[in-house]
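Naming convention: chains lettered A, B, ... in sequence-line order (proteins, then strands); numbering from 1 in each chain. Everything numeric here is computed off the predicted structure, so don't read it as measured data.
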Amino acid sequence: MSVDEMLNTALTAAGLPVFPNSYTGDEERYLVWSYAQIPAVHACDAPHAARYLITVHLYLPHKENPNALKQAISRALFNADCTWPSITNISDSEGQGYAIECEWSDGGGYYGNDNP
Amino acid sequence: MNGQTGAVTMATITLDGFDELSEMFRELAPIPDDVLTDALNDMAEVAEAAVRQQGQALGVKDPQSQVHILDKITHTKPKKTKDGGVSNVTFSGSRTRGRIRTRNAEIAFINEYGKRGQAPRPFIRLAAESAGDSIADAGEKVIGNWWDKQTGN
């Protein structure tokens with residue numbers, strides 16, 4: 001399973017629209033995911049797995065209690081084999097925002113090696 | 001570990017050098033303040049360079065200003081703590097855009113985490129990931145040099 005598939009599948013469970021990288025539409029409540037990929041498990045001059053530094057952004061209107069959603073998203077990511085996320089409040093005058101950060105590894109699939 | 005064979009097989013476990021190790025830790029504990037300060041300064045400089053490099057790679061900038069926020073990275077004066085010491089790598093200063101004054105640290109924060117309609121550029125997180133070993137090496141080198149002088153190596 002690719003990291004994109006993993007994120008779309010895990011985050012759909014939160015019941016909000018999910019978008020990759022950036023979203024400029026009219027939704028007020030939504031999730032956006034992005035990630036950086038780092039090669040790992042080096043042997044024979046080549047990486048045999050990829051680590052992904054994942055950021056999921058949860059955006060909500062002001063005055064809405066975000067706690068249940070933050071917990072559900074954290075649990076969904078953890079159940080999809082991500083590390084337990086840390087959460088940074090990035091709210092501004094436009095609404096609430098939370099950067100939910102975790103890590104995931106594909107076990108070598110990206111480099112065509114499922115058994116690193 | 002030395003094995004002894006006979007009618008009854010036994011194993012004798014010995015640990016050499018424990019006294020020397022304990023002595024080394026006793027001597028290492030009081031690292032002088034100036035050595036600690038030098039180590040933290042060198043580590044912070046490596047961290048600064050890593051943040052700047054990642055920022056450039058990800059295109060971190062303030063589109064409304066000619067002054068690059070990556071030129072405003074600095075670190076605080078090293079401070080001794082109960083666990084060792086600390087120096088924070090941070091962004092200094094602020095800028096006025098229109099009539100609004102914005103801290104450079106705030107611009108860096110929005111670049112790092114993004115906001116509605118703007119994808120994040122996690123240059124600080126990536127710098128910490130990529131330069132962790134180099135930052136530790138810089139501190140280790142200063143303390144290693146001090147230790148070599150203590151032991152006459």
Side-chain angles (χ1 to χ4, degrees), chain A residues 3-4 7 16-42 47 49-62 64 66 82-83 85-105, chain B residues 46-47 49-65 69-70 73 88-91 94-137:
Chain A
V3 65
D4 300 43
L7 285 166
L16 296 176
V18 180
F19 304 100
N21 299 317
S22 184
Y23 173 72
T24 53
D26 295 329
E27 297 279 359
E28 278 193 297
R29 306 170 78 251
Y30 60 95
L31 295 168
V32 179
W33 54 255
S34 60
Y35 57 81
Q37 178 183 323
I38 298 175
V41 193
H42 289 80
R51 275 176 64 216
Y52 297 91
L53 307 184
I54 294 166
T55 307
V56 176
H57 286 86
L58 165 64
Y59 291 111
L60 297 169
H62 283 307
E64 188 169 320
C82 295
T83 55
S86 59
I87 301 176
T88 303
N89 190 335
I90 59 166
S91 300
D92 58 19
S93 58
E94 292 183 47
Q96 295 185 75
Y98 299 93
I100 302 169
E101 296 178 297
C102 62
E103 292 188 26
W104 187 73
S105 175
Chain B
V46 173
V51 171
R52 192 173 295 114
Q53 186 183 18
Q54 283 292 343
Q56 285 166 347
L58 296 185
V60 169
K61 62 182 178 181
D62 173 9
Q64 297 177 49
S65 173
I69 64 162
L70 297 177
I73 304 172
N88 293 311
V89 174
T90 183
F91 293 81
S94 60
R95 59 191 62 190
T96 303
R97 299 180 296 186
R99 294 168 64 183
I100 299 171
R101 190 172 179 80
T102 309
R103 290 184 306 124
N104 288 324
E106 190 178 335
I107 294 167
F109 182 89
I110 291 171
N111 270 278
E112 174 79 11
Y113 289 108
K115 62 179 183 179
R116 283 178 190 260
Q118 179 178 321
R121 296 184 179 94
F123 66 114
I124 299 171
R125 187 183 186 192
L126 285 171
E129 280 289 332
S130 63
D133 287 346
S134 308
I135 294 167
D137 287 348

> Using non-hydrogen atoms only, which part of B:Glu129 is less than 4.5 Å away from chain A: side chain, backbone, both, or neither?
Replying inline: side chain
Heavy-atom distance under 4.5 Å to chain B: side chain of [X], backbone, both or neither?
X	value
A:Phe19	neither
A:Tyr23	backbone
A:Thr88	side chain

>> Tell me which of these, A:Ile54, A:Val32, A:Thr55, A:Thr24, has more heavy-atom pairs under 4.5 Å with chain B than the rest.
In response: A:Ile54
> When rounded to the nearest 0.5 angstrom, what distance separates CZ in B:Arg116 from CD in A:Glu28?
Replying inline: 7.0 Å
>> Looking at B:Arg103, I want to see if its CZ is surrounded by more than 12 non-hydrogen atoms of other residues, nucleotides or ligands under 6.0 Å.
In response: no
> Should we say atom CD of A:Glu103 is surrounded by more than 12 heavy atoms from elsewhere, each under 6.0 Å from it?
Replying inline: yes
Between [X] and [Y], what is the shortest heavy-atom contact and its length?
X	Y	answer
B:Pro120	A:Asn21	CD-O, 4.3 Å
A:Asp92	B:Lys115	OD2-CB, 4.3 Å
A:Ala99	B:Tyr113	CB-CD2, 3.5 Å

>> So B:Pro122 and A:Glu101, do their side chains get closer than 4.5 Å, heavy atoms only?
In response: no
